[in-house]
Structures are given as C-alpha cells and as structure tokens.
Number of protein chains: 2
Amino acid sequence: MTTGARVRRPSHGPGSLLEVAVGEFITRGYDATSMEDLSRAAGITKSSFYHHFAGKEALLRAALERALDGLFSILDSEAARTGSPLHRLRHIVAGQVEVLVAELPYVTLLLRVRGNTETERWALERRREFDARVAALVRDAVEAGEIRTGVEPALAARLLSGLVNSVVEWARPGGSTTNLPAAVANAAFEGILPAP
Amino acid sequence: MTTGARVRRPSHGPGSLLEVAVGEFITRGYDATSMEDLSRAAGITKSSFYHHFAGKEALLRAALERALDGLFSILDSEAARTGSPLHRLRHIVAGQVEVLVAELPYVTLLLRVRGNTETERWALERRREFDARVAALVRDAVEAGEIRTGVEPALAARLLSGLVNSVVEWARPGGSTTNLPAAVANAAFEGILPAP
DNA sequence: GTCTATAAATCGATAGAC
DNA sequence: GTCTATCGATTTATAGAC
C-alpha cells in the first residue's frame, strides 16, 4: 500500500487557483497575503503561480469581477424590473442575499476593498453604481407612498445596504439559502426587532 | 515675510501620533501602511516614531483599546441596566451609534480587524463578548414577549449588529449626532422601509 | 526628541533549466 | 506546467550622533 502512495501533484487550472487565492485573501487580508502564501496554499511554487496569473492584482480583479457580475445580474432579472418599487426592492434584497451566499468568498472580498490600487478603485466605483441603483428605487418607493412617512430615503438606503451586506460576516460558505433571503427581507422591511 | 516663515516642527505627543496613524490605517489599510507612511504623515522620521511607540502593532493595540473601551462603557451606563429588555436594547443601539460617531476612526479600525496578529485576535474576542451581551438581551426581549412572534433571536441579533456597525461606512468624522442615534434605532426596531 | 545610516528579512516579479 | 535561483525594491526595526 505504501509503495503505491504517490505524492500526486494536483493539476491546477486558473479557476482552482483563484479559489485558493480568494480564501487566503479573506483569512489574512489582501495586503497581508504574499505570493509566497498563495503558492504554499496551492501546493506549487511562486513561479508556477505566475505562469497562471500575471500577479497578485490580476487575481484580485478576477475575484472582484465575479462578485460584481453576480450583484448586477440581480438588477437585470425580470422580478427586479416589474411591479411596484417596494415589490422590486423586496426582490432585490432577497436576490442580494442569495448571490451573497452563493458567491460568498468573492462578495466578501468585494466588501472589504478600500481603493488602494487601480483595480480596487474600479471595483469601488461599480459597487457605488449598484448602491445608487438601489437607492434610486428606495426614493421611488417613498415618493409612491409605499413607505411609512418619516423615513428619510438616503438614510434608509444606506442602512438597507449595511444590513444586507453584513450577512457576509457570519454566513457559511455554500450554506443553505432555504429561507434566509426572505428572513433578511422581513427584518429589513418590517423591523429587525418589531414590537408585538 | 518669507524670512520669518519658519518650518515649525510640530511637537508630537503619543496621542497626536496615534491619531495620525489611525487615519493612515483607515485610508490605506493596516497591513498596507508602512512605518515610513506613518512617519511621513506625522512629519517626522521613522526613527522618531519608534521613540514614541514600540512598533506598528503597539499603535494598533492602543487604537483598538480606545474603541473597545467606548463600546463597553455603553453596557455599564445606567439606562442600559434598567427597564425592560426592549427599552435597554433601544438605549444600547442609540448609544452604540453615539460612540461610533464620537470615536469614528477607532471603531472603524476595530470593525476591520480580521485576527492576523495576537493583538487582532484579542480585539476580536472582546468584540465577540460585546456582541454576545447584546445577543443575550435580544433573547430576553423575545422571551419577555416584547418582540413580534416569528423573529428568530440569533438572526435578529446578527442583523442588528450589522445594521448598527454599517454606520461607520458613511458617517462623517466628528459629525453631528443630533438625531442619528434615534433614527438608526427607529429603523432597527420599526423597519428600515416599513409599509404605511 | 529628532536625525542619518543601515541591518536583516521579506516583498512582488523574472530568468531560464527541465 | 513546474522547478531553482535570484534581482531590486521595500519592510520592520535598531544603532548611535546631535
């Protein structure tokens, strides 16, 4: 048995390496993660890693693109473009939670970006665009009288974004989304801790 | 006029340097910020900076201590220890927003810590303790029948924490807290976007 | 309390053999 | 597609003069 135990070097493709890299970026932080760390985690040398990706920032960009594509696909869906503003908002919030859990590591990385490099600034800009689209919908819902009076649209949009995005802090990778999107939407629209 | 223009070297104390350092940590990220960056921002050399602080991690620890002391002081206040669970929760949420704005850079830094170093793990542990105290109060409120049925205490506590902490993403340093704490509490307990 | 100079380690990235 | 070896820049931190 022992004679047949070969140290099989895993055949890596770009997708596999990206998955490993994003995992390291999340646990150690992007800046604190060296190419040496990534290579060790993938089981290859630094040089081999450079054969697949141009560098550290190329890895980051690929990961952020995946997260942003997932988020913007929500806005393009049928349910996000039909019905009342409030109905569309509810669907977007639930969809955001779905994408967030399905693409957990990539979205987590996106939400931690601070604009240090050109790639990070590009991602921040696209994120702001997404938030602006949702904020516009919040204003529409308020103006349509679908929201109780006294709610400030700009503040509500920011808190809504904060509540939804905070799910990445405790969601499990690949976790079940059976009723989480609906539960988060309920908390957002009817109160996290409503009186009886 | 030009002859009298002296380049006055600002007399730095530890407090002043900490303020500068935390500002740099927030804009660039802790790991991406070098001691050279800190020295340049403070207007002194790297060596002079080491005269005041043992190193980069000592700066981080001092900043995180300040943030955590602010948060725990909320739990010790009179209003957080008297009245019904729901009443106490409301006060804690509002107080959290107050501390968050008053100590914005320090709390911002705390919320970005990921557990890379021993100092960061210590801060994470104290943060978890604070969250656990709040979560226990949420359970008490649910069991006391002060919360509408169907609300899952653990999920509610997490979303509540996420909503409150997200304020650091857009709050202005030293900004006015005239009605922000109350507005955030309203959003949390009565819905961010409640139906009319 | 500030400075110049530098040590020792690590960083991202490349050259070139197999 | 993987490796060893290394470059040049940058990192945290210290030594020692003023």
Side-chain angles (χ1 to χ4, degrees), chain A residues 6-64 109 113-123, chain B residues 6-64 109 113-121:
Chain A
R6 261 175 292 171
V7 179
R8 169 73 83 112
R9 181 100 36 223
S11 182
H12 278 305
S16 159
L17 291 178
L18 181 61
E19 199 180 326
V20 170
V22 170
E24 293 293 300
F25 287 159
I26 287 170
T27 52
R28 313 158 85 114
Y30 174 72
D31 289 296
T33 306
S34 69
M35 290 296 287
E36 183 70 39
D37 292 329
L38 298 183
S39 310
R40 197 181 309 115
I44 59 177
T45 61
K46 233 182 347 173
S47 265
S48 296
F49 216 115
Y50 276 103
H51 179 76
H52 296 281
F53 284 91
K56 206 173 151 184
E57 199 166 355
L59 282 158
L60 180 63
R61 177 162 195 115
L64 297 179
L109 201 57
V113 152
R114 297 299 158 188
N116 245 337
T117 66
E118 190 54 47
T119 298
E120 295 189 15
R121 281 186 288 273
W122 162 83
Chain B
R6 261 176 290 173
V7 179
R8 168 74 83 112
R9 181 99 40 222
S11 182
H12 279 305
S16 160
L17 290 179
L18 181 62
E19 198 180 327
V20 169
V22 171
E24 293 293 298
F25 287 159
I26 287 171
T27 52
R28 302 164 178 258
Y30 174 72
D31 289 295
T33 305
S34 70
M35 289 297 286
E36 183 69 41
D37 294 328
L38 298 183
S39 310
R40 197 182 309 115
I44 57 177
T45 61
K46 234 181 350 170
S47 266
S48 296
F49 218 115
Y50 275 103
H51 179 74
H52 297 281
F53 284 91
K56 206 173 150 183
E57 198 167 355
L59 282 158
L60 180 64
R61 179 163 195 116
L64 296 179
L109 201 57
V113 152
R114 298 299 159 191
N116 244 337
T117 65
E118 190 52 48
T119 297
E120 296 188 14
R121 283 186 286 274

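Quick note on labels: first sequence line is chain A, next is B, and so on, each numbered from 1.
In this structure, A:Tyr50 atom OH and C:dG12 atom P are separated by 6 Å, rounded to whole Å. For the pair B:Asp37 CG and D:dT12 C1', the interatomic distance rounds to 12 Å; values are reported in whole Å. Atoms CZ (B:Phe53) and P (D:dA13) sit 14 Å apart, rounded to a whole Å. When the P atom of D:dG16 is taken as reference, atom NE2 of B:His51 falls 17 Å away, rounded to whole Å. Distance, B:Phe49 CZ to D:dT14 P: 15 Å, rounded to whole Å. The nearest whole Å value for the distance from the CZ atom in A:Arg28 to the P atom in C:dT10 is 13 Å. Between B:Lys56 atom NZ and D:dA13 atom C1' there is a gap of 12 Å when expressed in whole angstrom units. In this structure, the CD atom of B:Glu57 is 9 Å from the P atom of D:dA13, given to the nearest Å.
In this structure, a donor-acceptor pair under 3.5 Å is absent between the side chains of B:Thr33 and B:Glu24.
Toward the 5' end of DNA chain C, the nearer of the two residues A:Ala54 and A:Ala32, judged by each one's closest nucleotide, is A:Ala32. A residue-by-residue look at A:Leu17 and B:Gly55 shows that A:Leu17 has its nearest nucleotide of DNA chain D further toward the 5' end.
Note: A:Ile44 CD1 to A:His51 NE2 = 9.5 Å, rounded to the nearest 0.5 Å. The CZ atom of A:Phe25 sits 9.5 Å away from the CG atom of A:Asp37 when rounded to the nearest 0.5 Å.
Residue B:Ser39 is classed as having no contact, given no heavy-atom separation below 4.0 Å to the nucleic acid. Contact annotation for A:Lys46: base contact, defined as any heavy-atom pair under 4.0 Å involving a base atom. Looking at heavy-atom distances under 4.0 Å, B:Ser34 makes contact with sugar-phosphate atoms alone, never a base.
Interface remark: the A:Ser47 side chain does form a donor-acceptor pair with the C:dT14 base, using a distance-only criterion of under 3.5 Å.
Taking every side-chain heavy atom of A:Ile44 into account, D:dT2 is the closest of C:dC11, C:dC3, D:dT2.
Counting non-hydrogen atoms of neighbouring residues, nucleotides and ligands closer than 6.0 angstrom, the CD atom of B:Glu19 reaches no more than 12 such neighbours.
In this structure, A:Ser48 reaches the D:dC3 phosphate: one of its side-chain N or O atoms is under 4.0 Å from OP1 or OP2.
Geometrically, B:Lys56 does not engage B:Phe49 in a cation-pi contact, judged by NZ or CZ lying under 6.0 Å from the ring centre and within 45° of the ring axis.
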